[in-house]
2 protein chains.
Amino acid sequence: MSGTKEHIVLIASRLFLQKSYKEVTMKELVDKTGMSKGAFYHYFKSKEQVFLESLEFFHEELTRDFSKYSQNSLKKFYIDYLGDTIRLTRHYFKHFENEFNERDITINHFSLVFDALRLFPEYRRKIEEVFKIELKFWVQIIKTARSNGEIKTPLSDVKTGEMFIYLSDGIGINMIMQGVALEDMVKQLKNQWDALYEQIKT
Amino acid sequence: MSGTKEHIVLIASRLFLQKSYKEVTMKELVDKTGMSKGAFYHYFKSKEQVFLESLEFFHEELTRDFSKYSQNSLKKFYIDYLGDTIRLTRHYFKHFENEFNERDITINHFSLVFDALRLFPEYRRKIEEVFKIELKFWVQIIKTARSNGEIKTPLSDVKTGEMFIYLSDGIGINMIMQGVALEDMVKQLKNQWDALYEQIKT
DNA sequence: ATATTTAAACCGACTGCCCGGTATGTTAAA
DNA sequence: TTTAACATACCGGGCAGTCGGTTTAAATAT
């Protein structure tokens, strides 16, 4: 964590979350990390590699462990999900503690993903994989909730799970476009998930 | 439409929908439009201006006239919406008839919007305005459908309307990330809206 | 303990290329 | 004859990446 390379990846990940790949220059990367160009290229062979490792770091930092969420109640599951969203984001921003707080900058992980897709088309498989894993957990808890008697809906488990995910992404992108802070985004997401839950609960 | 400037804006809009602002170079713009640099700068004073006019063109081409959609039935309203999505996209691609068809390229309007926000922060107001207008129409038809007896839900009109919109954006961004073609995106959206409708109908 | 060797860590000037933009025209049409 | 429409060579600056070097520190030898 305190290694030079890790330091670079951390700063770089933040920049790539704020701006497009091309907008982030090596000069800026060098300046913001406080390194020299020579030192920089001692650790990374190209800008592309810095981006790739930043992308991997981003995934490591923000990947969820769904198995820690409630496995008995759908409501509890999505409440855990919301709490985890805050936790994960806070944890990421903690690295920049003294520099700024999460309200000051817009982090746009969709923009990062778009750049990644343009640079590495095979990255699409990673995205699909992540989606499938998340969907699997939603379907699982929905199935359980249905047999529990917690919910009752004519919709299939998959379609219900997809609905929770799509709502989340739809709100995510709208909040980013409107420059809404994390807490408010999570609140809005809770509102919508509560509404959906209200519709399908027994 | 057949004017030189319109031709440039058309080609440029396509490029800005495919790549980030910085990735699109003046050289490429000049080559793809078949013009010379001098001619190009005769019509536009800067790259930024080309982008701005492409953005405006994009809005003109893809702005919906909700007042043409059904005003009696929510179901008909969203079916009209889906049909209009196909119609608008087809109309846009018709400009490039002989060059390629819509399946071959990824059109990412979110990426365009992110670039626009970075270049012109005040563009956020335009986005919010567009969102508000769309929401207004959703709320209107939902209100009507409720008094019609078409639907019955404890959810507020606004929350229900937002849910339709967020679902649409969530599916949109997921289909873009997964490289899904327009028709399949619309099908998936219909699936989800049908599911939501199933939940709230009387 | 101290001297010597070795290699990793780091530095900043430099390179060549491509960027957006311009200057100076020529052609075509009103 | 005037002006809009187009063409081309060119420019300064910033880009990613390189290169020859120095410093630092750990490993090894004395």
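Letters go in sequence order (proteins before strands), and every chain restarts at 1.
Of all the heavy atoms in Asn72(A) and Ile141(A), the pair that sits closest is N-CD1, 3.7 Å. Taking every heavy atom of both residues into account, Lys37(A) and Met26(A) meet most closely at CE-CB, 4.3 Å. Between Tyr92(B) and His95(B), the shortest heavy-atom distance links the atoms O-CD2, 3.1 Å. Heavy-atom minimum distance, Ser67(B) versus Gln71(B): O-NE2, 3.0 Å.
Here the C1' atom of nucleotide dT8(D) and the CZ atom of Phe40(B) are 16 Å apart, to the nearest Å. With rounding to whole Å, Met35(B) atom CE is found 12 Å from dT8(D) atom P. Put simply, CG on Leu29(A) is 12 Å from P on dC15(D), counting in whole angstrom units.
Under the 6.0 Å distance and 45° angle rule, Lys190(A) does not count as a cation-pi partner of Tyr78(A). Judged by the 6.0 Å and 45° rule, Lys47(A) forms a cation-pi pair with Tyr21(A).
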Distances for protein N or O near nucleotides 16-20 of chain D N or O, under 3.5 Å:
| unit_1 | atom_1 | unit_2 | atom_2 | d |
| --- | --- | --- | --- | --- |
| dA16(D) | OP1 | Lys47(A) | NZ | 3.0 |
| dA16(D) | OP2 | Met26(A) | N | 2.8 |
| dA16(D) | N7 | Lys37(A) | NZ | 3.2 |
| dG17(D) | OP2 | Tyr41(A) | OH | 3.2 |
| dG17(D) | OP2 | Lys47(A) | N | 2.8 |
| dG17(D) | N7 | Lys37(A) | NZ | 3.0 |
| dG17(D) | O6 | Lys37(A) | NZ | 2.8 |

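Contact annotation for Tyr43(B): backbone-only contact, meaning every heavy-atom pair under 4.0 Å involves sugar-phosphate atoms and none involves a base.
Ion pairing between Glu183(A) and Arg90(A) holds under the 4.0 Å rule for side-chain N and carboxylate O. Between Asp80(A) and Lys68(A), none of the side-chain N atoms (NZ, or NE/NH1/NH2) sits under 4.0 Å from a carboxylate O, so this pair counts as no salt bridge.
Taking every nucleotide of DNA chain C with any atom under 4.0 Å from a non-hydrogen atom of chain B, the first and last of them, 5' to 3', are dC19(C) to dT22(C).
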